[in-house]
Protein chains: 2
Amino acid sequence: MKNLDQTDRKLLRLLQQDCRITIKELSKKLYLSNTPVYERIKKLEKRGIIKGYVALLEPEVLDRSMVVFISLSMENHSRDAVEKFKNEVMVLTEVMEFYYTSGNYDALIKLMVKDMNAYSIFVQEKLSKIDIVSRFNSTFIISSSVKTVFDI
Amino acid sequence: MKNLDQTDRKLLRLLQQDCRITIKELSKKLYLSNTPVYERIKKLEKRGIIKGYVALLEPEVLDRSMVVFISLSMENHSRDAVEKFKNEVMVLTEVMEFYYTSGNYDALIKLMVKDMNAYSIFVQEKLSKIDIVSRFNSTFIISSSVKTVFDI
DNA sequence: ATTGAAACGAATGAACG
DNA sequence: CGTTCATTCGTTTCAAT
């Protein structure tokens, strides 16, 4: 939270909620004129605090409404092997997130697929063909809730 | 993928990568004039296919660089109990995601916290005080990779 | 569904406190 | 840090197709 004053924080909160808001509107909400708001945003972007601006899409329409987490064990834990596996897996359409983990398994991947058939194809045609994977366990998501805004 | 032509898909791909791109720039990339691009975006918003536009922030700066997944079991699985628990837990600053799951546990929550101390405080002061939780198991994330763009 | 132009509104940067 | 103001640029609407 270093070097973020109250105005920066409010600005970040607003941009997390809707980043297509105009600078003019932001200025009103922050009780400032355009220029400081504009310059604060540019500074936050340059400092890497704002990493990007993305549109959120409805998974349903894109045939991605089924969410599955797969915990898996790996046969090799070298830095290079983990990195290679991560790259291999993140290239796959179905895989949205990769985590290298502590605990009973070594990694966790989050899948978003159309249906059970697409899941099955993923496991049989893709995951099973990656040699480093020794065993895995799938957790199917019944319902979920995801925050897109950090409390600042 | 119904009712999305190639132009819509390319548009969605571009907006997922950078939603602050101007309509003018989009028009160039799509080889169209402003109006159709403008109208396609509005239509995609109205159809709920574009759910929103958000700024992505660097967790480090916000004291959120530690990621933990907690799998947990619940003592009551009624629809209302699950809904109540979801709301209770999503209100907590540390919790970014909630999943109601199949498998060995009943739910999975994703935490983003500053450090082990913050994690510990979360468990002791918050999670342990929610009665419906009967047991839980934490998985600490060593490294991760997250996609913000669906392959369309 | 698309074009091109016109009207309007917002972003950017200079000058300054 | 901030403001105001001038210029540039993007958005939005509309007639025509």
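This one's a predicted model, so the numbers in the text were calculated from it and none came from an experiment. Throughout, a chain's letter reflects where its sequence line sits, starting with A, and its residues are numbered from 1.
- Protein atom CG of L30(A) is 15 Å distant from nucleotide atom C1' of dC1(D), rounded to whole Å.
- F140(B) and Y119(B) have their aromatic ring centers within a separation under 6.0 angstrom.
- Counting to the nearest Å, the P atom of dG4(C) and the NZ atom of K28(B) are 16 Å from each other.
- The nearest whole Å value for the distance from the NZ atom in K42(A) to the P atom in dC1(D) is 17 Å.
- When each of dT3(D), dT2(C), dA10(C) is scored by its nearest atom to the side-chain atoms of T22(A), the top-ranked nucleotide is dA10(C).
- Put simply, CD1 on I21(B) is 16 Å from P on dA11(C), counting in whole angstrom units.
- Look at R40(B) and you won't find any side-chain N or O under 4.0 angstrom from OP1 or OP2 of dA1(C).
- Of the candidates dA11(C), dT13(D), dA1(C), the closest approach to any side-chain atom of T35(B) belongs to dT13(D).
- Put simply, the side chain of K51(A) never gets that close to the backbone of P59(B): no donor and acceptor are under 3.5 Å apart.
- Figure legend: cation-pi geometry between R135(A) and Y105(A), with NZ or CZ positioned under 6.0 Å from the six-membered ring centre and within 45° of its axis.
- Look at Y38(A) and you'll find a side-chain N or O under 4.0 angstrom from OP1 or OP2 of dT12(C).
- Spacing between atom OH of Y53(B) and atom C1' of dT11(D) amounts to 13 Å, rounded to whole angstrom units.
- Separating the CG atom of N34(B) from the C1' atom of dA1(C) is a distance of 15 Å, rounded to the nearest angstrom.
- Nucleotide dG2(D) holds its C1' atom 13 Å from the CG atom of D5(A), rounded to whole Å.
- Taking the side chain of S33(A) as heavy atoms from C-beta on, and the options dT3(C), dT13(D), dT3(D), the nearest nucleotide is dT3(D).
- With ring centers used as reference points, Y100(B) lies 6.0 Å or more from F85(B).
- Atom NZ of K24(B) and atom P of dT11(D) are 9 Å apart (whole Å).
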